[in-house]
Amino acid sequence: MDLDVLNMFVIAGGTLAIPILAFVASFLLWPSALIKIYYWYWRRALGMQVRYVNYDDYQFCYSYRGRPSHRPSILMLHGFSAHKDMWLSVVKFLPKNLHLICVDMPGHEGTTRSSLDDYSIYGQVKRIHQFVECINLNRKPFLLVGTSMGGNVAGVYAAQYPAEVCSLSLICPAGLPQATETKFIKQLQELKTSESIDRIPLIPSTPEEMADMLKLCSYVRFKVPQQILQGLVDVRIPHNDFYRKLFLEIAGEKSRNCLYENMSKIKAATQIIWGKQDQVLDVSGADMLAKSIPDCQVHVLENCGHTVVVERPRKTAKLLLEFLATVQNVENNKKLA
């Protein structure tokens, strides 16, 4: 073989080896960095842009795609200890011409965290309203979507600001009395009895605890490599003290049943999506809401747990789009009548 050709192959092989070695090193040594890169890449691939906006000295971080149009904008509120990027799996199946906004909830990710802030559900509703005003989202009614803790906030928001919300989609929302004790509730009671309340199942500190949390939240059994579990824990550990404070706040008397206390005030067209095998918040909450909110659509997904957005993203997107179309048809018929 010609020496120049051999040198070319050596150089080409070395060039390819560098990014491969970098990837392997990141996976083994800095899995948390790899996870952040993964979300960054996914946002770019889906066309989601990250922006910051301030209300006085308070900063909100959010991602968005599309522009306001004749169709309602969609504001998505994530759950406890998550972040705006948890919605990416659903965004993937939504049309690019929809105006989507995914915001980091108070104290989470890029949104301001302050020890002086009110993290009760009512306090979070107030902050989200400030965010809505900052980006002028309430110039026309929008579709508000929330899951788990975000569902609690979304429901109370719709009750308190009925003129701003044209439709409401609640996915396994918190804030309701638990008619049936779930596995999660039983675990909390055992921890309280043993005075080990600091070991909250939703706040893992080790890869093993992270694996247990994933099993608790998801009916689908994902095979997650040990390094990825470590990376997920590494990302969360710096925030665990805040998560404990937040959990005790939203599980306290002031916030625990907020959605239940406000559900009769919800006037917007409402959709409920719940995983039938939810081990965190019992699926009986869907019937509870349906009995209180007129003409409420209920979708109970088989073989699905609490993390509906992750387990069934395509189905979630489909249900959201069908709901949006139904609401728009009703509105158009009203205008023609």
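Just the heavy atoms: all of them, side chains too, but no hydrogens, waters or symmetry mates, feed the values below. The shown structure was predicted, so the numbers you read here are calculated from the model rather than taken from an experiment. Residues: numbered from 1 along the sequence shown.
- Partners of His306 under the ring-ring contact (aromatic ring centres under 6.0 Å, His included) rule, at least two apart in sequence or in another chain, do not exist in this structure.
- Although no hydrogens or angles enter the test, the distance criterion places a donor-acceptor pair under 3.5 Å between the side chain of Gln178 and the main chain of Asp282.
- Atom CZ of Arg67 sits in a sparse spot, with 12 or fewer heavy atoms from other residues, nucleotides or ligands closer than 6.0 Å.
- Side-chain contact annotation: Tyr157 with Glu164, donor-acceptor N/O pair under 3.5 Å present.
- Remark: His108 NE2 to Phe60 CZ distance equals 13.5 Å, nearest 0.5 Å.
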For side chain to side chain contact (heavy atoms under 4.5 Å, CB included), just list the numbers for Glu109 and His78, CA-CA rounded to whole Å, side-chain angles, deciding distance to a tenth of an Å, and then say yes or no.
CA-CA 11 Å; Glu109 198 76 4; His78 65 73; over 6 Å; no

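- Between the Thr147 side chain and the Gly150 main chain, no donor and acceptor come within less than 3.5 Å of each other.
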Go through Tyr122 and Val156 one step at a time and tell me if the side chain to side chain contact (heavy atoms under 4.5 Å, CB included) criterion holds.
CA-CA 8 Å; Tyr122 290 110; Val156 177; 3.8 Å; yes

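- A donor-acceptor pair is defined here as one N or O able to donate and one able to accept, closer than 3.5 Å; no such pair exists between the side chain of Arg71 and the backbone of His99.
- By the 6.0 Å contact criterion, CG on Asn329 is enclosed, its count of non-hydrogen atoms from other residues, nucleotides or ligands being greater than 12.
- Side chain of Gln279 to main chain of Thr182: no donor-acceptor pair is present (N/O by atom type, distance under 3.5 Å, no hydrogens or angles).
- Rounded to the nearest 0.5 Å, atoms CE (Met210) and CD1 (Ile203) are 11.0 Å apart.
- Counting only distance, with no hydrogens or angles, the side chain of Gln59 and the backbone of Tyr52 share no donor-acceptor pair below 3.5 Å.
- Minimum heavy-atom separation, Pro177 to Asn257: N-OD1, 3.3 Å.
- Gln124 places no side-chain N or O within donor-acceptor distance of the main-chain N or O of Met105, the cut-off being under 3.5 Å.
- A salt bridge (Lys or Arg N to Asp or Glu O under 4.0 Å) with Arg127 holds for exactly one of Asp117, Asp56, Asp118; it is Asp117.
- The cluster map of Ile, Leu, Val, Met, Phe, Trp and Tyr, joined by side-chain heavy atoms under 4.5 Å apart, puts Leu232 and Val220 in the same cluster.
- Among all heavy-atom pairs drawn from Leu188 and Phe247, the shortest one is CD1-CZ, 3.7 Å.
- Without hydrogens or angle criteria, Gln277 side chain to Asn303 main chain gives a donor-acceptor distance under 3.5 Å.
- His129 contributes atom NE2, which lies 4.0 Å from atom CD of Glu133 (distance to the nearest 0.5 angstrom).
- Side-chain contact between Gln271 and Leu320: present, with at least one pair of heavy atoms (C-beta onward) separated by less than 4.5 Å.
- Taking all atoms of both residues into account, the shortest heavy-atom contact from Val309 to Ser89 is O-OG, 3.0 Å.
- Checking side-chain atoms of Asp104 against main-chain N and O of Lys84 turns up a donor-acceptor pair under 3.5 Å.
- The nearest pair of heavy atoms linking Thr316 to Val308 is OG1-CG1, 3.4 Å.
- Under a hydrophobic-cluster definition in which Ile, Leu, Val, Met, Phe, Trp and Tyr are linked whenever side-chain heavy atoms come within less than 4.5 Å, directly or via other members, Ile121 and Tyr260 are assigned to the same cluster.
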Side chain to side chain contact (heavy atoms under 4.5 Å, CB included) between Arg199 and Arg244, worked out:
CA-CA 9 Å; Arg199 296 180 58 195; Arg244 288 188 189 93; over 6 Å; no

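- Atom CE of Met288 sits about 13.0 Å away from atom SG of Cys296, to the nearest 0.5 Å.
- Counting only heavy atoms from C-beta outward, the side chains of Val310 and Ser218 never approach each other to under 4.5 Å.
- Residues Ser115 and Phe242 fail the side-chain proximity criterion, which asks for heavy atoms closer than 4.5 Å.
- Note that NZ of Lys140 is 6.0 Å distant from OG of Ser69, once rounded to the nearest 0.5 Å.
- Using a 4.5 Å cut-off on side-chain heavy atoms (C-beta onward), Leu144 and Leu77 make contact.
- No salt bridge links Lys245 with Glu249; every basic N to acidic carboxylate O contact stays at or beyond 4.0 Å.
- Summarising the geometry, atom OG1 belonging to Thr111 is positioned 12.5 Å from atom NE2 belonging to His83; distances are rounded to the nearest 0.5 Å.
- At least one side-chain heavy atom of Ile273 sits less than 4.5 Å from a side-chain heavy atom of Leu301.
- Residues Ile200 and Tyr243 have side chains not in contact (no heavy-atom distance under 4.5 Å, counting atoms from C-beta outward).
- Of all heavy-atom pairs spanning Arg65 and Val91, the tightest one is NH2-O, 3.4 Å.
- No side-chain heavy atom of Leu100 sits less than 4.5 Å from a side-chain heavy atom of Trp87.
- When atom types are taken as modelled, the side chain of Asn152 and the backbone of Leu259 share a donor-acceptor pair closer than 3.5 angstrom.
- Tracing side-chain contacts under 4.5 Å through hydrophobic residues (I, L, V, M, F, W, Y), one reaches Ile272 starting from Val300; they form part of the same cluster.
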What side-chain donor-acceptor pairs closer than 3.5 Å can you find for residues 34-49, not counting sequence neighbours?
residue	atom	partner	partner atom	Å
Arg43	NH1	Asp85	OD1	3.3
Arg43	NH1	Asp85	OD2	2.6
Gln49	OE1	Arg51	NH2	2.9

Could you please spell out the steps behind the side chain to side chain contact (heavy atoms under 4.5 Å, CB included) verdict for Leu176 and Leu281?
CA-CA 9 Å; Leu176 300 169; Leu281 300 171; over 6 Å; no

Apply the test side-chain hydrogen bond (donor to acceptor under 3.5 Å, both in side chains) to residues Gln297 and Glu322: give CA-CA distance (whole Å), side-chain angles for both, the deciding distance (0.1 Å), then the verdict.
CA-CA 11 Å; Gln297 292 186 19; Glu322 290 173 351; over 6 Å; no

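- Residue Val235 is not grouped with residue Val233 when hydrophobic side chains (ILVMFWY) are merged at heavy-atom distances under 4.5 angstrom, including chains of intermediate members.
- Annotation: Tyr58, atom OH; neighbour count of heavy atoms from other residues, nucleotides and ligands within 6.0 Å is above 12.
- The shortest heavy-atom contact between Val327 and Ala269 is CG2-CB, 3.8 Å.
- In this structure a side-chain-to-backbone donor-acceptor pair under 3.5 Å is missing from Ser255 to Ile250.
- Side-chain atoms of Leu75 and Val165, non-hydrogen and from C-beta on, never get closer than 4.5 Å to each other.
- Annotation: Asn97, atom CG; neighbour count of heavy atoms from other residues, nucleotides and ligands within 6.0 Å is above 12.
- By the criterion of side-chain heavy atoms lying less than 4.5 angstrom apart, applied directly or through intervening Ile, Leu, Val, Met, Phe, Trp or Tyr residues, Val50 is not grouped with Tyr62; the two fall into different hydrophobic clusters.
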